[in-house]
Amino acid sequence: CSGAAVKRQEAGVSYADYVQQGLELRTEATTVIEVDLPRTGIGANKIGVLRNILLAFAARNPSIGYCQSMNFIAKTLLLYNEEERAFWILCSLLEDVLPAGYYTPTMNGLRCDLR
């Protein structure tokens, strides 16, 4: 229904590989992720899982990286899904469902909606 299963099948790269790539990143996105993680209000036992998802997304989408509030979307997905499924749903939402420009460094799409 979300398109996550198809996205996973067509990716050509595993979630584990995206996580590894994300852990190796040294970008502004990784710095902001680390700052935002404690603000998410997720239990200490889930911070590592949330970090993995956000870093994997940043690795998969280097032109987007990470934008504030992605942590809250991922946290909500984790309430109902296991780690890898939450990642693929996040990818589907941000890459395909939301209009282009919602989650970009300038967030132009979101800003248009807020006016």
Side-chain angles (χ1 to χ4, degrees):
C1 182
S2 69
V6 172
K7 192 162 281 295
R8 179 182 181 213
Q9 290 172 348
E10 294 176 351
V13 177
S14 72
Y15 171 65
D17 288 342
Y18 281 128
V19 170
Q20 187 57 46
Q21 291 171 23
L23 291 169
E24 295 169 4
L25 288 175
R26 299 295 176 258
T27 64
E28 181 182 358
T30 60
T31 302
V32 178
I33 288 170
E34 291 304 320
V35 169
D36 278 358
L37 282 171
R39 300 179 199 175
T40 307
I42 197 165
N45 61 330
K46 290 285 188 178
I47 287 221
V49 171
L50 184 58
R51 177 183 291 113
N52 288 347
I53 291 171
L54 297 173
L55 290 174
F57 183 86
R60 177 178 165 86
N61 294 282
S63 64
I64 299 172
Y66 171 79
C67 297
Q68 288 185 329
S69 84
M70 284 182 184
N71 54 328
F72 294 108
I73 296 170
K75 173 190 171 184
T76 302
L77 293 172
L78 281 171
L79 293 174
Y80 304 100
N81 300 280
E82 53 83 25
E83 180 178 344
E84 182 175 357
R85 184 167 172 83
F87 166 76
W88 290 113
I89 294 171
L90 180 70
C91 291
S92 182
L93 285 172
L94 301 185
E95 295 169 10
D96 302 328
V97 176
L98 290 174
Y102 250 70
Y103 283 96
T104 62
T106 61
M107 297 182 84
N108 287 332
L110 176 62
R111 288 180 181 178
C112 286
D113 269 359
L114 292 175
R115 291 181 187 215

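In this chain, residues are counted from 1 in sequence order. Note that the structure is a prediction, hence the values are computed from the model and not measured.
Residue pairs satisfying the ring-ring contact (aromatic ring centres under 6.0 Å, His included) criterion with at least one member in residues 32-52, sequence neighbours excluded, are absent. Sorted pairs that involve residues 32-54 and meet ring-ring contact (aromatic ring centres under 6.0 Å, His included), not counting sequence neighbours, are lacking altogether.
Residues satisfying the side chain to side chain contact (heavy atoms under 4.5 Å, CB included) test with K75, not counting sequence neighbours, are T40, I42. Legend: residues meeting salt bridge (Lys or Arg N to Asp or Glu O under 4.0 Å) with E95, ordered by chain and number and at least two apart, are K7, R60. Every side chain to side chain contact (heavy atoms under 4.5 Å, CB included) that T27 has, sequence neighbours left out, goes to L25, A29, T30. Here Y18 pairs with F87 under the ring-ring contact (aromatic ring centres under 6.0 Å, His included) rule; sequence neighbours left out. Checked against side chain to side chain contact (heavy atoms under 4.5 Å, CB included), E82 has the following partners two or more places apart in sequence or in another chain: E84, R85. In this structure, R26 has no salt bridge (Lys or Arg N to Asp or Glu O under 4.0 Å) partners at least two apart in sequence or on a different chain. Not counting sequence neighbours, the partners of R51 by the side chain to side chain contact (heavy atoms under 4.5 Å, CB included) test are E34, L37, I47, L55. Checked against salt bridge (Lys or Arg N to Asp or Glu O under 4.0 Å), E83 has no partners two or more places apart in sequence or in another chain.
Considering CD1 of I53 and CG of N71, their distance stands at 11.5 Å, rounded to 0.5 Å. The structure places CD1 of I73 at 10.0 Å from CG of L54, a figure rounded to the nearest 0.5 Å. Atom CD of Q20 and atom CG of D17 lie 8.0 Å apart (nearest 0.5 Å).
Following chains of ILVMFWY side-chain contacts shorter than 4.5 Å, one cannot reach L93 starting from V6, and the two form parts of different hydrophobic clusters. Cluster membership check: L90 does not share its hydrophobic cluster with F72, using side-chain heavy-atom separations under 4.5 Å among Ile, Leu, Val, Met, Phe, Trp and Tyr.
Taking both residues in full, the closest heavy atoms of G22 and A59 are given as N-CB, 3.6 Å, listed atom of the first, atom of the second, then distance. Scanning both residues, A86 and N81, for their nearest heavy atoms gives N-CB, 4.0 Å. Taking both residues in full, the closest heavy atoms of Y15 and V49 are given as OH-O, 4.5 Å, listed atom of the first, atom of the second, then distance.
Hydrophobic side-chain contacts under 4.5 Å tie V35 to no other Ile, Leu, Val, Met, Phe, Trp or Tyr residue. Hydrophobic clustering, defined by side-chain heavy atoms of Ile, Leu, Val, Met, Phe, Trp and Tyr closer than 4.5 Å, groups Y80 together with L79.
A distance-only check finds no donor-acceptor pair linking the side chain of S92 to the backbone of W88 [under 3.5 Å].
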